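Order of the sequence lines sets the chain letters (A, B, ...), proteins ahead of strands, with each chain counted from 1. Since the structure is predicted, the reported quantities are computational estimates derived from the model, not experimental observations.
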Amino acid sequence: MSEPAPQEVSMETLVSLCKRRGFIFQSSEIYGGINGFFDYGPLGAELKKNIRDCWWNDMVHRRDDIVGIETSIIMHPKVWEASGHVAGFTDPLVDCRASKQRYRADQLFFAPVVVDGRTVGYVSALEGERTPEELQEAAESLKRKKSIQGKLEPVRVRDMTEAAPEEIALIPSPATGEPGSLTAPRSFNMMFQTNVGAMTDASSVAYLRPETAQGMFADFKAVVDTGRVKLPFGIAQIGKSFRNEITPRNFVFRSREFEQMEMEYFIHEDADWAKCHREWIDWCKDWLVSIGLPAGRLSEYNHPKEKLAFYSRGTTDIMFRYPFGVQELWGVAARGDYDLKQHEKFSGIPQVIFDEASKKRFVPHVIEPAVGVDRIFLALLCAGYAEEDVRDNKGNVEKRTVLRLSPRVAPVKVAVLPLLKNKPELVARAEALHRALKRKYAVFYDESGAIGRRYRRQDEIGTPWCVTIDFETIEKDGTFTLRERDSMKQVRIGEPELFALLEEKVY
RNA sequence: GCGGUCGUAGUUUAGUGGUAAAACCUCUGCCUUCCAAGCAGGUGUCCCGAGUUCAAUUCUCGGCGACCGCACCA
């Protein structure tokens with residue numbers, strides 16, 4: 001697919017447009033902001049809602065094989081043990097500031113070198129790198145190097161999780177052999193922790209979900225038992241998730257609180273999962289195009305086999321070309337039966353389905369398309385933003401800023417404008433049309449300023465159409481000007497045709 | 001988390017050891033018969049804290065936040 005090379009909008013420009021027009025604000029800005037959190041303003045909330053509605057309509061309402069659910073953000077802590085989120089990410093890590101190496105604290109050992117009861121230095125080693133005997137030798141060599149006389153005591157080896165704060169600065173880095181560059185062990189678990197109930201103790205620890213997917217797995221049995229579903233079928237959910245990202249970056253691309261749209265599509269254990277996987281990748285790409293993302297900015301990335309999570313059979317990311325590079329937009333993972341099997345193991349409750357066709361009872365396999373609402377939001381702005389040179393009626397070139405959002409997602413579908421505001425009959429007719437339209441659509445009424453200015457204002461927030469009530473409307477046939485955002489072309493149409501147009505384009 | 005750059009109005013920027021300016025945006029009125037027109041008027045700013053100083057938006061330190069690299073991203 002060939003397109004003219006689009007001029008790349010800078011993130012800076014986009015961020016300031018978002019703020020200026022009320023799409024996205026930094027969270028808690030009056031207190032200096034908080035890193036990795038964002039608020040959606042009046043227009044942003046509309047755009048975001050439209051993304052969710054389009055997805056839900058297409059994924060749930062317009063299909064016969066998918067049901068939607070909404071699960072709690074805080075779930076039983078065992079959910080995250082079963083999913084692997086707790087175990088895999090509680091290891092404290094130690095960084096070497098000099099070499100930029102990162103070590104697991106329980107795999108980095110050290111021992112004080114004690115001579116005549118006095119600590120004269122430290123030796124260290126990675127797991128498997130040196131035996132205790134070799135560490136003893138290293139201690140003796142340190143003693144010799146420092147020309148210290150006296151009796152060297154046997155080394156007592158500990159790992160970094162046991163290091164006292166005052167010891168850390170004295171322990172040499174395994175990378176450089178010099179002390180002073182190691183950080184204290186830090187936990188890098190990305191789950192937000194909280195406590196359930198007023199008492200704060202170990203038994204009350206709970207987590208804000210790092211993904212919505214586990215809600216679908218945990219409720220799998222309940223949906224199967226009540227939902228009259230038959231394989232293959234899907235369970236979909238839209239909701240907030242939370243990850244304590246080390247470094248939130250790139251505006252809303254990676255934030256600590258974000259909104260996911262995930263769907264778990266359950267298939268027969270003998271089904272052709274690769275074919276199903278492919279079909280979902282294609283569905284997702286088609287859907288992205290249907291809400292206005294150019295196909296030319298999309299690509300696919302297949303996770304190499306050796307880098308896959310051990311339970312995954314294949315993961316394909318649908319990538320988008322953002323101004324800061326080609327990055328993940330939508331992950332489509334073939335997860336096998338891993339998740340349900342884990343919940344079976346941890347809960348003791350069989351997560352099986354009885355398939356009428358094959359007369360078999362088994363744990364189904366799953367294909368998971370997972371996407372972030374905020375990332376789609378960002379992609380729409382990046383792809384839609386344009387600055388054009390246009391000529392005014394004196395022939396001067398000036399800049400037009402336009403956000404080319406699809407009518408499906410645009411925060412405002414139509415702006416209703418009386419040509420002049422000091423003519424009561426124009427204003428009255430415009431207000432009547434506004435009343436009629438707003439029963440069904442997000443519309444905007446604006447009578448202030450010159451007509452050209454009002455058009456440009458709507459261009460900048462992505463409104464696809466403006467209708468202008470003029471003297472012909474009230475004196476002749478009731479038609480008004482329909483002005484189209486991208487082409488700036490104007491045609492005269494009447495109210496029934498306007499409703500027909502909206503019915504077709506806004507769905 | 002590391003290194004670099006930075007923080008003045010809603011936005012973009014100017015400027016200063018003596019509490020500050022412009023353009024655009026926004027609001028009000030007048031005008032205006034289709035692409036950011038004009039006139040008049042209005043709102044609104046030195047990221048936070050400590051220190052130095054008679055005096056700090058300006059200098060120093062700390063914090064917070066932003067951007068760019070590196071690392072991280074199950």
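Pairing of rG3(B), defined by two Watson-Crick or G-U wobble distances under 3.5 Å, is identified with rC68(B). Across the strands present, rU32(B) finds no partner; the criterion is a Watson-Crick or G-U wobble pair with both atom distances under 3.5 angstrom. In this entry rA20(B) has no Watson-Crick or G-U wobble partner, no candidate having both defining distances under 3.5 Å. Partner assigned to rU60(B) is rA50(B), using Watson-Crick or G-U wobble distances below 3.5 angstrom. Base pairing annotation: rU45(B) forms no Watson-Crick or G-U wobble pair, as no partner gives both donor-acceptor distances under 3.5 Å. Pair assignment for rA9(B): none, as no Watson-Crick or G-U wobble contacts are both less than 3.5 Å. rC25(B) is unpaired under the Watson-Crick or G-U wobble criterion, no partner having all donor-acceptor distances under 3.5 Å. Across all strands shown, nothing is found opposite rA55(B) as a Watson-Crick or G-U wobble partner with both distances under 3.5 Å.
rA71(B) and rG3(B) are spaced 11 Å apart, taking the C1' atom of each and rounding to whole Å. Here the separation of rU57(B) from rA21(B), taken at their P atoms, is 16 Å to the nearest Å. Comparing the C1' positions of rG44(B) and rA37(B) gives a spacing of 25 Å, expressed to the nearest Å. For the C1' atoms, the distance from rC27(B) to rA14(B) is 25 Å, rounded to whole Å. rU43(B) sits 15 Å from rU28(B) when the P atoms are compared, rounded to a whole Å. Taking atom C1' in both rC39(B) and rU32(B), one finds a spacing of 12 Å when rounded to whole Å. Atom P of rU12(B) sits at a distance of 25 Å from the matching atom of rG17(B), rounded to the whole Å. Taking atom P in both rA55(B) and rU19(B), the straight-line distance is 14 Å, to the nearest Å.
Residues Phe38(A) and Phe251(A) bring their aromatic ring centres within 6.0 Å. Less than 6.0 angstrom separates the ring centroid of Tyr322(A) from the ring centroid of Phe320(A).
As a whole-Å value, the separation of Asn250(A) CG from rC73(B) P is 17 Å. The CD atom of Glu387(A) sits 13 Å away from the P atom of rU12(B) (whole-angstrom rounding). A straight line from CZ of Phe38(A) to C1' of rG65(B) spans 11 Å, rounded to a whole angstrom. The separation between Arg485(A) atom CZ and rC35(B) atom C1' is 16 Å, rounded to whole Å.
A salt bridge does not link Glu264(A) with Arg335(A): none of the charged nitrogens is closer than 4.0 Å to a carboxylate oxygen.
Among the protein residues, Arg256(A) comes within range of no part of the nucleic acid, since none of its heavy atoms lies under 4.0 Å from any strand. Here Asp459(A) lies out of heavy-atom contact (under 4.0 Å) with every strand. The residue Ser16(A) sits close only to the backbone: its heavy atoms come under 4.0 Å of sugar-phosphate atoms, none of a base. Among the atoms of the strands shown, base atoms are found under 4.0 Å from some heavy atom of Lys399(A).
Of the candidate nucleotides rC34(B), rC27(B), rU33(B), rC34(B) has the atom nearest to the side chain of Asp470(A). The side chain of Glu398(A) lies closest to rA36(B) when the candidates are rA36(B), rA37(B), rU33(B). Closest to the side chain of Arg453(A), from the set rG65(B), rC25(B), rA74(B), is rC25(B). Proximity note for Thr247(A) (side chain, C-beta onward) versus rC35(B), rA71(B), rC34(B): the nearest is rA71(B). Distances from the side chain of Arg21(A) to the nucleotides rU11(B), rU26(B), rU33(B) place rU26(B) closest. Of the listed nucleotides (rC34(B), rA36(B), rU32(B)), rU32(B) has the atom at the smallest distance from the side chain of Asn422(A).
Neither OP1 nor OP2 of rG10(B) sits under 4.0 Å from any side-chain N or O of Lys19(A). Between Asn35(A) and rC64(B) there is no side-chain polar atom (N or O) within less than 4.0 angstrom of OP1 or OP2. For rC67(B), neither phosphate oxygen OP1 nor OP2 lies less than 4.0 angstrom from any side-chain nitrogen or oxygen of Arg249(A). For rA66(B), one of the phosphate oxygens OP1 or OP2 lies less than 4.0 angstrom from a side-chain nitrogen or oxygen of Gln26(A).
Remark: the Tyr455(A) side chain and the rC34(B) base include a donor-acceptor N/O pair separated by less than 3.5 Å. Counting distance only, with no hydrogens placed and no angle test, the side-chain atoms of Arg20(A) and the base atoms of rC25(B) include no donor-acceptor pair under 3.5 Å. In the interface, the side chain of Arg243(A) is not paired with the base of rC73(B) through any donor and acceptor atom under 3.5 Å apart. For Thr481(A) and rC34(B), a side-chain-to-base donor-acceptor distance below 3.5 Å is present, hydrogens and geometry of angles not being considered.
The aromatic rings of Tyr40(A) and Phe377(A) sit perpendicular to each other, their planes meeting at more than 60°, with 30° as the lower class boundary. The aromatic rings of Phe242(A) and Phe192(A) sit perpendicular, their planes meeting at an angle over 60°, well past the 30° parallel limit. A tilted orientation is assigned to the rings of Tyr441(A) and Phe499(A), their planes being inclined by 30° to 60°.
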Chi angles and distances behind the salt bridge (Lys or Arg N to Asp or Glu O under 4.0 Å) call for Glu388(A), Arg400(A): CA-CA 5 Å; Glu388(A) 298 178 339; Arg400(A) 179 173 87 117; 2.9 Å; yes
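Taking the side chain as every heavy atom from C-beta outward, Thr473(A) and Leu419(A) never approach each other to under 4.5 Å.
Along RNA chain B, the nucleotide nearest to Glu12(A) and the one nearest to Glu245(A) differ in position, and the one closer to the 5' end is contacted by Glu12(A). Summary of the strand contacts: Phe251(A) and Arg483(A) both lie near RNA chain B, and taking for each the nucleotide with the nearest heavy atom, the more 5' one is attributed to Arg483(A).
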